[in-house]
Amino acid sequence: MSLKTLILAAGKGTRMKSDLPKVIHKVCGVPMVKKIADICSTIGSENNILILGHKKEEILKVLEDVEHVVQLEQLGTGHAVMQAQEKLKDHKGTVMVLCGDTPLLTRETLENLYKEHKKSGAVTTILTSIYENPFGYGRIVKENDNVKAIIEEKDATEEERKIQEVNAGVYCFETQELLEALSKITNNNKNGEYYLTDVVGINVSQGKKVKTYILEDNNEILGINSKVELEKANRIMRERINKYHMENGVIIIDQNNTYIEETVTIGKDTVLYPGVFLQGDTSIGENCEILGNTRIIDCKLGNNIRVESSVLEESIVEDKVTIGPFAHLRPKSYLKEEVHIGNFVEVKKSTLEKGVKAGHLTYLGDAVVGEHTNIGAGTITCNYDGKNKFKTEIGKNSFIGSDTMLVAPVVIGDNALVGAGSVITKEVPENALAVSRSKQVIKFNWRK
Ligand code: UD1
Ligand code: CA
């Protein structure tokens with residue numbers, strides 16, 4: 001008993017009206033074909049083979065190390081499978097064929113399909129579902145509950161178009177039976193294509209057993225051919241992901257406006273407000289409040305954190321930090337416990353030790369700021385001379401007055417005070433006051 005999987009992804013995807021190959025369009029952050037390939041790698045398949053053609057380089061960029069064969073001309077789904085003949089010709093077992101454009105399928109469904117196929121002893125088992133409006137899908141023609149054929153929309157009669165059981169584009173085939181039937185298919189149809197679906201009619205005409213495995217949740221088999229369907233798939237996937245988090249104790253105020261990618265983890269009692277995007281390799285702890293218009297990408301956040309209207313990228317944020325509104329953490333920022341960064345503060349590749357505060361209008365880049373230091377409004381680390389980046393080191397319990405320019409490389413000691421409006425170019429020792437600004441001039445009665 002052995003299983004191989006074959007994913008069809010060579011088509012042009014004309015109906016998508018896109019410069020990108022259809023199957024790398026993303027559903028909740030994951031390219032559709034990657035999603036299918038990932039699932040296939042979890043169901044005990046010994047080879048996972050992709051059929052690629054149209055813009056295959058683009059597709060290979062999103063899939064590492066994948067076994068594939070090339071379909072030079074896209075002459076139909078049957079022709080696509082034939083391209084894998086060499087790889088299948090000695091295989092004694094089952095090949096599961098899937099399409100790269102059905103991203104909502106689940107592992108359980110594929111496992112159950114395979115189990116059913118093995119149990120019934122059919123040569124072909126088709127995954128199907130019932131659609132009230134089956135437009136566009138291949139229809140499953142049955143007689144007394146026995147499968148007779150799959151007829152494509154374009155080739156169907158008025159009567160056949162009324163059939164509501166549709167082909168998901170996923171099948172288990174006994175490999176040798178499949179290859180034999182494929183050698184007999186023709187392109188004698190409205191599209192002039194070699195249809196994989198014609199294998200079913202050939203099996204039946206040879207008296208072989210064909211079965212369907214009917215899925216109750218017809219959302220799962222949604223095929224994405226257009227951007228309207230892409231939006232629908234995103235919506236269904238989003239609902240699935242959000243439900244999973246709510247069931248795990250996350251509070252989502254408006255699930256239609258909360259965008260979480262599958263890779264994200266969130267602790268209980270964390271509240272997500274509308275307009276939050278959580279992406280990539282992000283984890284968020286418990287009891288956090290993530291308010292509207294916030295995007296968090298590849299970050300680790302601890303517990304009891306509040307973020308409002310901010311963008312956080314590739315950074316680490318410890319417990320009880322408050323961020324925003326309108327702050328920006330750029331990659332490699334590390335905010336330790338109880339740090340506060342407020343309005344229009346940008347931090348890049350910097351470590352802010354426990355309790356540091358930078359409330360307003362500040363840029364901290366390539367800096368280390370010691371515990372409980374206060375950074376006044378308008379402070380800027382001038383870290384770049386046009387060629388190189390330099391470090392700023394600020395000690396603990398220091399106070400940097402408003403509108404200070406810290407020209408890096410520069411060091412400010414512990415417990416130091418920098419007067420507002422200073423341009424600091426030399427080291428400030430601990431406990432010192434540094435002021436660097438022109439003296440105030442008063443000219444009495446000047447206006448007269
Ligand atoms: C196909 C099925 C239809 C089913 C539907 C489910 C056929 C003839 N029809 O129709 O019964 O209800 O899927 O979503 O199979 N591809 C290739 N090479 C080609 C043509 C297509 O690799 O020459 C790939 C495409 O990239 C795509 C998949 O096969 O991933 C399906 O092709 P598509 O054109 O989307 O088929 P549908 O018209 O949706
Ligand atoms: Ca399709």
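Atoms within a ligand are numbered from 1 in the order they appear, just like the ligands themselves.
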### Task
Return a yes/no value: protein heavy atom under 4.0 Å from atom 35 (O) of ligand 1?
yes
### Query
Counting heavy atoms only, which part of Glu152 comes closer than 4.0 Å to ligand 1: side chain, backbone, both or neither?
side chain
### Query
Out of Ala9, Gly11, Gly138, whose heavy atom is nearest to atom 16 (N) of ligand 1?
Gly11
### Query
Within a distance of under 4.0 Å, is there any protein heavy atom near atom 28 (C) of ligand 1?
yes
### Task
Using a strict 4.0 Å cut-off to heavy atoms of Gly100, name the atoms of ligand 1 that fall inside it.
30 (O)
### Message
Side chains of Lys87 and Asn47, heavy atoms from C-beta outward: is any pair under 4.5 Å?
### Response
no
### Query
Heavy atom under 4.0 Å from ligand 1: found in Gln71's side chain, backbone, both, or neither?
side chain
### Proximal candidate to atom 15 (O) of ligand 1 [heavy atom criterion; set Thr77, Asn167, Leu52]
Thr77
### Counterpart residues, ring pair (Phe, Tyr, Trp, His ring centres under 6.0 Å), relative to Tyr273 (two or more places apart)
none
### Message
Any heavy atom of Val166 closer to ligand 1 than 4.0 angstrom?
### Response
no
## Note on the structure
Looking only at heavy atoms, the pair that brings Cys40 and Ser45 closest together is O-CB, 3.8 Å
### Task
Check the Ca ion (ligand 2) and write out every protein N, O or S atom at under 3.0 Å, as residue and atom.
Asp101 OD2, Asn225 OD1
### Query
So, are Lys354 and Glu371 salt-bridged, with charged N and O less than 4.0 Å apart?
no
### Summary
Tyr213 meets the ring pair (Phe, Tyr, Trp, His ring centres under 6.0 Å) criterion, sequence neighbours left out, with none
### Task
State the atoms of ligand 1, each with its element, that fall below the 4.0 Å cut-off from a heavy-atom position in Leu75.
23 (O)
### Task
Take the angle between the ring planes of Phe344 and Phe326 and call it parallel below 30°, perpendicular above 60°, tilted in between.
parallel
### Query
Taking atom types as modelled, is there a side-chain donor on Thr5 or Asn48 under 3.5 Å from an acceptor on the other?
yes
### Task
Determine whether any heavy atom of Arg15 lies closer than 4.0 Å to an atom of ligand 1.
yes
### Task
Apply side chain to side chain contact (heavy atoms under 4.5 Å, CB included) to the pair Val307 and Leu301, showing each step before the final yes or no.
CA-CA 10 Å; Val307 184; Leu301 271 65; 4.3 Å; yes
#### Entry: Atoms of ligand 1, numbered as shown, that sit under 4.0 Å from any heavy atom of Asn225
35 (O), 39 (O)
### Summary
Closest to atom 19 (C) of ligand 1 (heavy atoms only, candidates Pro21, Gly76, Ala10, Gly13) is Gly76
### Message
I'd like to check which ligand 1 atoms, numbered from 1 as shown, lie under 4.0 Å from a non-hydrogen atom of Ala168.
### Response
6 (C), 14 (O)
### Task
Determine, for Lys232 against Glu229, whether the closest basic-nitrogen to carboxylate-oxygen distance falls under 4.0 angstrom.
no
### Query
Between Glu313 and Arg330, does at least one N-O distance fall below 4.0 Å, as a salt bridge requires?
no
### Summary
side chain to side chain donor-acceptor pair (under 3.5 Å) pairs touching residues 173-186, sequence neighbours excluded, are His91-Thr175, Thr94-Glu174, His117-Glu174, Glu177-Lys208, Glu180-Lys184, Glu180-Gln206
### Task
Do me a favour and list the nearest non-hydrogen protein atom to atom 31 (C) of ligand 1 with residue, atom name and distance?
Cys99 SG, 3.7 Å
### Task
Starting from the C-alpha separation in whole Å, work towards a yes-or-no answer on salt bridge (Lys or Arg N to Asp or Glu O under 4.0 Å) for Arg235 and Glu231.
CA-CA 6 Å; Arg235 196 159 9 107; Glu231 190 274 342; 2.8 Å; yes
### Query
In ligand 1, which numbered atoms sit nearer than 4.0 Å to a non-hydrogen atom of Gln74?
23 (O)
### Message
Taking only non-hydrogen atoms of Lys22, do any sit less than 4.0 angstrom from ligand 1?
### Response
yes
### Summary
Looking only at protein heavy atoms, what sits closest to atom 24 (C) of ligand 1 is Leu8 CB, 3.7 Å
### Message
Using a 6.0 Å cut-off, check whether atom NZ of Lys26 has over 12 heavy atoms from anything other than its own residue.
### Response
no
### Query
Under 4.0 Å from any heavy atom of Ala80, which atoms of ligand 1 are there?
17 (C), 18 (N), 22 (O)
## Note on the structure
In short, Ala84 meets Leu6 closest at the heavy-atom pair CB-CD1, 3.7 Å
#### Entry: Lys/Arg N to Asp/Glu carboxylate O, Glu153 vs Arg161, below 4.0 Å
yes
